[in-house]
Amino acid sequence: MDVETIAVATESKFEVSFTQKHIVKAFNISLLPKPNILNLSNLDLLSGRFPVTYFYFYQKPLFDDSFPIIDNLKRSLATTLKYYYPFAGRIVQNSNTSEPQIICDNSGALVTEARASIPLKKLNFYNLNESLQGKLVSINPDFPLQIQVTYYTCGGISITFTFDHALGDASAFGKFLLTWSKIAQDKPIPCIPNQNRNLFPRNPPTYHPSLDQNFVKCTMEEIMNIPTPKVLLKRLYYIDVSSIDWLQSLASAGGKKRTKIEAFSAYVWKIMVKAIDKDQATSKMGWLVDGRERMCGDNNSMSNYIGNVLSLAFGEARVDDLRHGSIPNIADKVHEAISQVTNEAHFLDLIDWIECHRPGLMLSRVVLGQGGPALVLSSGRRFPVAELDFGFGSPVLGTVCSTIEKIGVAYLNQRPSASGNGSWTVSAILWPELASALESDQIFQPMTTRHLQLF
């Protein structure tokens, strides 16, 4: 851990002053489709309505200071919203079903400008509790999409993008951001998004009974008041490519080739047992799984689907087995758990399960804090990071975090490093004992300016 760099980052008081707010609406509203009410799909109802924030940091642009960065961002955003028109709408509760729905009335996205009191190199990239809430992220519940552009004293810039989870998942948001960046550079857009939300249940709906054990119907009030017995730390880590390759090699030593995520998961799960109460006999780990490829087979017909197509795979193992087991053995457990949901049958069952429990919102029991200590890993290996150039250069960092204060599990969100060298950034929500356990060796390196080459 580079203590000196982190200490320097906290010497100057980090303050942010908000200077302007803009509401950006979709360009050429006459072309927007009718009707203007978009009902959520069954899988959207499983999203939990959590705010999801992506934040990107850019060094001082090389061109003249007169380049109108904010004007270019607003112009290109207005064009992007023409394709992603639900993102410029409002999310309201249907009075009959009490379920959320999107009113596509082009109310607009909120863009806030702000100025930071420090240069980028003095920002604490490791402790996200200090950097995000109320400074780089400010939530206005009236806008499903909100962006904050922050200018630093060195000329650097950060952009935070916050989405209501009802709008979509990481795949949907990644396509939105990539489309926006291409439009900002006057380049062709990468795809035409599918906004139909046409994930319908079977008739009659049917599902495997195990789903009753894994998911539960809930209210928005229950989601906002998830029991959180321990303080949650929000941290950002750097995982070097050499560590990733070493873990994959270690996990594959038994003769079965394991993916990087499976190997990384095995390592984390083994470390995790050091940080749970001694009276716990078992430990759970979960993985977010995108169903697009699973539901369309080889024809790629859902690749541009905008909305939520996510499920959660969960594995449970005895603490003693994890403590004494080898990385290859634990990787076998990871592979088996993920394999249970990486198929079309699971997603069709999940859609039907939700149909049988409507109206209302649904969530994983473990995420609601009903399953004991657990950790969920989300892999964003395809999420655009270095590609997000809005006309003033590629970012030095792009990752994800959440402003939520209550959640029933620990979270790890993996993203590729902006350097493109195969390393990762991992954004984490952890209880203190788990943070200490993960930082006990050199795999999880607290993010510093050295990793980002900010000097």
Side-chain angles (χ1 to χ4, degrees), residues 1-24 51 53-74 77 109-140 143 146-162 231-238 385 388-405 418 425 427-429 446-455:
M1 176 175 177
D2 191 343
V3 178
E4 181 179 353
T5 305
I6 295 177
V8 169
T10 58
E11 283 179 4
S12 301
K13 188 174 182 181
F14 175 39
E15 296 179 339
V16 172
S17 58
F18 300 94
T19 56
Q20 290 194 67
K21 292 185 178 181
H22 316 270
I23 296 177
V24 177
T53 297
Y54 301 92
F55 53 104
Y56 284 70
F57 295 86
Y58 299 81
Q59 298 212 59
K60 180 180 179 179
L62 298 177
F63 46 71
D64 188 274
D65 290 343
S66 62
F67 181 80
I69 288 177
I70 191 65
D71 292 340
N72 188 47
L73 285 172
K74 288 161 53 182
L77 175 58
L110 178 63
V111 178
T112 301
E113 291 185 85
R115 293 198 172 274
S117 61
I118 60 172
L120 269 180
K121 67 181 181 180
K122 290 194 175 182
L123 188 66
N124 191 335
F125 289 97
Y126 162 63
N127 187 345
L128 300 183
N129 293 84
E130 289 186 8
S131 305
L132 288 182
Q133 190 74 33
K135 294 179 179 179
L136 299 184
V137 183
S138 52
I139 304 296
N140 185 325
F143 294 89
Q146 40 207 303
I147 299 100
Q148 181 175 322
V149 182
T150 306
Y151 308 98
Y152 295 80
T153 58
C154 60
I157 301 166
S158 67
I159 311 179
T160 48
F161 313 86
T162 301
V231 174
L232 293 178
L233 305 179
K234 297 177 182 179
R235 299 290 185 256
L236 188 61
Y237 298 100
Y238 178 87
V385 177
L388 281 201
D389 180 351
F390 290 93
F392 44 86
S394 295
V396 296
L397 172 66
T399 190
V400 59
C401 194
S402 178
T403 56
I404 58 175
E405 299 298 328
T425 61
S427 173
I429 303 176
M447 185 67 74
T448 67
T449 55
R450 175 177 57 83
H451 296 120
L452 304 176
Q453 297 184 351
L454 291 172
F455 304 111

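Note that the structure is predicted; figures quoted are calculated from it, not measured.
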Residues Ala109 and Phe143: closest non-hydrogen pair is C-CD2, 4.1 Å

Point to revise | Val400 backbone acceptor or donor facing Ser427 side chain under 3.5 Å | key: yes

For this session: Taking Gln146 for its side chain and Asn140 for its backbone only, find out whether a donor-acceptor pair lies under 3.5 Å.
Result: yes

Within the side chain of Ser131, is there an N or O that forms a donor-acceptor pair under 3.5 Å with the backbone of Asn124?
yes

Counting only N and O atoms by type, is there a donor-acceptor contact under 3.5 Å from the side chain of Glu130 to the main-chain atoms of Asn127? no

So CD of Gln453 and CG of Leu397: to nearest 0.5 Å the spacing works out to 12.5 Å

Output for pair (Leu123 CG, Leu136 CG), nearest 0.5 Å, gives 6.0 Å

Heavy-atom nearest pair, Ala116 first then Phe14, reads CB-CE1, 3.8 Å

What one should report as the nearest heavy-atom pair of Lys135 and Phe18 is O-CZ, 3.8 Å

Problem - Side chain to side chain, Val111 and Leu73, heavy atoms closer than 4.5 Å - result: no

Point to revise | Side-chain heavy-atom pair Gln148, Val137 within 4.5 angstrom cut-off | key: no

Between Leu388 and Pro395, the two heavy atoms sitting closest are O-CD, 3.5 Å

d(Asn129 CG, Thr403 OG1) to nearest 0.5 Å is 11.5 Å

One should read off an interatomic distance between Tyr151 OH and Ile157 CD1, to the nearest 0.5 angstrom, of 6.5 Å

When rounded to the nearest 0.5 Å, the distance separating OG of Ser158 from CG of Leu120 is 7.0 Å

Query raised in the report: Going by heavy atoms in the side chains, are Ser117 and Thr153 under 4.5 Å from each other?
Result: no

For this session: Look at the rings of Phe161 and Tyr56 and say which category their plane angle falls in: under 30° parallel, 30 to 60° tilted, over 60° perpendicular.
Result: perpendicular

Residue set satisfying ring pair (Phe, Tyr, Trp, His ring centres under 6.0 Å) with Phe55, at least two apart, ordered chain then number -> Phe57

Report yes or no: does Lys234 contribute a side-chain atom to a donor-acceptor pair with the main-chain N or O of Ser402 at less than 3.5 Å? yes

Between Tyr126 and Pro446 the two heavy atoms that sit nearest each other are CD1-CB, 3.4 Å

Is there a side-chain contact between Asn72 and Phe392 in this structure, where contact means two heavy atoms from C-beta onward sitting under 4.5 Å apart? no

With a 4.5 Å cut-off on side-chain heavy atoms, are Thr53 and Leu132 touching? no

- Item | Donor-acceptor pair, side chain of Thr150 and main chain of Ala114, under 3.5 angstrom | no

Non-hydrogen side-chain atoms of Cys154 and Lys121 separated by less than 4.5 Å: no

So OH of Tyr54 and OG1 of Thr160: to nearest 0.5 Å the spacing works out to 13.0 Å

